[in-house]
**Q** 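First the structure, then my questions, so here it is.
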Amino acid sequence: MPRARLVAVGSALPERRLTNADLAKMVDTTDEWITTRTGIRERRIVDPGQRCSDLAEAAARACLEKAGTKAVDVDGIIVATITGDQLMPSVANLVQHRLGAVNAWGFDLLNACNGFVAALSTATCFIESGRAKRILVIGADVMSAIIDYEDRNTCILFGDGAGAVLVEAGDSQGHGVHGFELHSDGGGAAELALPGSGTVPHDAKAAVFQNGRVVFSHAVRRMAEVAESCVAGLGLTGADVDLIIPHQANIRIIEATAERLKVPMERVVVNIDRVGNTTAATIPLALAQADADGRLHEGTRILLVAFGGGFTWGACYLTWGR
Ligand code: ACO
């Protein structure tokens, strides 16, 4: 069985910064409250007219360039997002056309903050089954489009961005995805939701609603559980993890996950301070950050772990590179 190896990562962030000081002028909050409760100092926000597909395309181009791969050699494009330009066509199809990836199929995948782990797991199944050789896995979200900037419970958390990873078929014994685990619990549906985003009538603009305390306690528990269970399922422990790349929702959730695995924070990639929670983009953006910081090498042992709306959560253990 071929192994799904992750060979390159690219990212795209809007230029515009929204700092805690900016938010303190918009809602009743302070830099001190946001920093201590979440770890976020600023986030990036798109300019008017800049779409999810624009960020996804830019991240994909950066990734292909880094990999030295032509768009025509890509078989598939999976975009994890909850903020696509439109429900139809998919962002994946827009990106496929703009890249000139004429041999690629593509679809979007809705799994909120766990979207990238779910998309990577899906790509892994295509590669392991021999049905695809090269898949672009993209996490992209324009959260600013679905945030109520009068709601201090949510507007301080989210930002916009995209990241893309090229996943290739490689040797069964080589680097790549060694295991993953995915979970859902629709019992948490009402605690973190986007009313007005579907076909159920709603009398206001769609905006993220969350019961922060409930989501927080589930996120801490589930991220720690799945992180531990994913590595244990492979006969490994936290000592076998060089880098944890967690979903960036709150620094306190990230710290609790690392603590459960007994992995020191020096081995955890954190960029929430600069970009906030970009939903499906957090993990590939953090991977790109690790790459830019010289922390991604051939064989680096990585644990991805995420939790999000649904509820949905998952983890993936991999070794980096060709
Ligand atoms: N500034 C100042 N005060 C605030 C703010 C703010 N921006 N927001 C809330 N408060 C107040 C609350 O009103 C509350 O006041 P009260 O005690 O008088 O009622 C007080 O601060 C404490 O509120 P809590 O909700 O208990 O604060 P908490 O420490 O839980 O932090 C937070 C809130 C940051 C939202 C946290 O609960 C959290 O991170 N939750 C998880 C978020 C998450 O993981 N989301 C999942 C991913 S999103 C996705 O999947 C799309």
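Counting starts at 1 for both ligands and their atoms, in listed order.
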**Q** After noting the C-alpha distance and the side-chain angles of Arg44 and Asp160, does the key distance pass the salt bridge (Lys or Arg N to Asp or Glu O under 4.0 Å) rule?
**A** CA-CA 6 Å; Arg44 301 296 186 90; Asp160 305 335; over 6 Å; no

**Q** For Gly308, counting its heavy atoms only, list the atoms of ligand 1 lying under 4.0 Å from any of them.
**A**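 This gives 50 (O) as the contact atoms.
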
**Q** What protein heavy atom sits nearest atom 45 (N) of ligand 1, and how far off is it?
**A** Gln210 OE1, 3.2 Å

**Q** Using 4.0 Å as the upper bound for N to carboxylate O, is an ion pair formed by Glu255 and Arg252?
**A** no

**Q** State, without any angle test, whether Asp141 and Thr278 hold a side-chain donor-acceptor pair at a distance under 3.5 Å.
**A**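 No donor-acceptor contact under 3.5 Å links the two side chains.
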
**Q** Just which atoms of ligand 1 are under 4.0 Å from any heavy atom in Ile253?
**A**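 Counting atoms of ligand 1 from 1, those under 4.0 Å from Ile253 are 44 (O).
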
**Q** Name the closest protein heavy atom to atom 13 (O) of ligand 1, giving the residue it belongs to and the distance to 0.1 Å.
**A**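 The answer is Arg152 NH2, 3.0 Å.
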
**Q** Is it true that Asn114 and Thr312 share a donor-acceptor pair across their side chains at a distance under 3.5 Å?
**A**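 Thr312 vs Asn114: donor-acceptor pair found between side chains.
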
**Q** Can you find a non-hydrogen atom of Ile156 under 4.0 Å from ligand 1?
**A**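 The answer is yes, since Ile156 has a heavy atom less than 4.0 Å from ligand 1.
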
**Q** If you apply the rule side-chain hydrogen bond (donor to acceptor under 3.5 Å, both in side chains), what do you find for Ser53 with Asp85, and how did you get there?
**A** CA-CA 7 Å; Ser53 61; Asp85 305 15; 2.5 Å; yes

**Q** In terms of side-chain heavy atoms, does Ser144 have a donor or acceptor partner in Arg43 at a distance below 3.5 Å?
**A**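 Absent: no donor and acceptor within the cut-off.
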
**Q** Could you tell me which atoms of ligand 1, counted from 1 in the order shown, lie closer than 4.0 angstrom to a heavy atom of Phe158?
**A**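 Those of ligand 1 that fall under 4.0 Å from Phe158 are 48 (S).
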
**Q** Using a plain distance cutoff, I'd like to know if Asn250 has any nitrogen or oxygen under 3.5 Å from a nitrogen or oxygen of ligand 1.
**A**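 Yes, since at least one N or O of Asn250 sits under 3.5 Å from an N or O of ligand 1.
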
**Q** Answer side chain, backbone, both or neither: which part of Asn277 comes under 4.0 Å from ligand 1, heavy atoms only.
**A** side chain

**Q** Assess, by modelled atom type and distance only, whether the side chains of Thr69 and Asp73 contain a donor and an acceptor separated by less than 3.5 Å.
**A** no

**Q** Pair Glu57, Arg61 - check salt bridge (Lys or Arg N to Asp or Glu O under 4.0 Å), show working.
**A** CA-CA 6 Å; Glu57 177 192 350; Arg61 285 188 189 282; 3.0 Å; yes

**Q** Tell me whether Glu168 is salt-bridged to Arg322, with the criterion being a basic N under 4.0 Å from an acidic carboxylate O.
**A**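 Yes, charged N to carboxylate O under 4.0 Å.
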
**Q** Is there a donor in the side chain of Ser229 and an acceptor in the side chain of Glu181, or the other way round, less than 3.5 Å apart?
**A** yes

**Q** Could you tell me how the ring of His183 sits relative to the ring of Trp313: parallel (under 30°), tilted (30 to 60°) or perpendicular (over 60°)?
**A** parallel

**Q** Give a yes or no on whether the ring-centroid distance for Phe107 and Trp105 is below 6.0 angstrom.
**A**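 Under 6.0 Å, so yes.
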
**Q** At what distance is the nearest protein heavy atom to atom 14 (C) of ligand 1, and which residue and atom is it?
**A**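 Here the closest protein heavy atom is Arg213 NH2, 3.9 Å.
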
**Q** Going by the atom numbers of ligand 1, which of them fall below 4.0 Å from some non-hydrogen atom of Asn153?
**A**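 Close to Asn153: 8 (N), 9 (C).
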
**Q** Report the nearest protein non-hydrogen atom to atom 6 (C) of ligand 1: residue, atom name, distance rounded to 0.1 Å.
**A**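 For atom 6 (C) of ligand 1, the nearest protein heavy atom comes out as Thr29 OG1, 3.3 Å.
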
**Q** Which residue supplies the protein heavy atom nearest to atom 44 (O) of ligand 1, what is that atom called, and how far is it?
**A**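 In this structure, atom 44 (O) of ligand 1 has Ala249 CB, 3.4 Å as its nearest protein heavy atom.
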
**Q** I'd like to know if atom 40 (N) of ligand 1 has any protein heavy atom within a distance of less than 4.0 Å.
**A** yes

**Q** Quick one: which of Ala219, Cys113, Ala112, Ala306 has a heavy atom closest to atom 51 (C) of ligand 1?
**A**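 When every heavy atom of Ala219, Cys113, Ala112, Ala306 is considered, Cys113 comes closest to atom 51 (C) of ligand 1.
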
**Q** For ligand 1, which atoms have a heavy atom of Arg37 less than 4.0 angstrom away?
**A** 22 (C), 27 (O), 28 (P), 29 (O)

**Q** For Val208, is the nearest heavy atom under 4.0 Å from an atom of ligand 1?
**A**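 So Val208 does not count as touching ligand 1.
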
**Q** Considering heavy atoms of the protein only, find what lies nearest to atom 37 (O) of ligand 1 and give residue, atom and distance to 0.1 Å.
**A** Gly212 O, 3.0 Å

**Q** Among all protein non-hydrogen atoms, which one is nearest to atom 10 (N) of ligand 1, and what is the separation to 0.1 Å?
**A** Trp33 CZ2, 3.5 Å

**Q** Heavy atoms only: which of Thr38, Thr279, Asn211, Val215 is nearest to atom 34 (C) of ligand 1?
**A** Thr38

**Q** For Asp28, counting its heavy atoms only, list the atoms of ligand 1 lying under 4.0 Å from any of them.
**A**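 Those qualifying, in numeric order: 1 (N), 2 (C).
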
**Q** So, Asn211 and Glu191: side-chain donor and acceptor under 3.5 Å apart, yes or no?
**A**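 Short answer, yes.
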
**Q** Give yes or no for whether the N/O distance cutoff of 3.5 Å, strictly under, is met between Arg252 and ligand 1.
**A**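 Looking only at distances, the answer is yes, because the N/O contact criterion of under 3.5 Å is met.
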
**Q** Find all atoms of ligand 1 within a distance of less than 4.0 Å from any non-hydrogen atom belonging to Leu192, and give their numbers and elements.
**A** 46 (C), 48 (S), 49 (C), 50 (O)

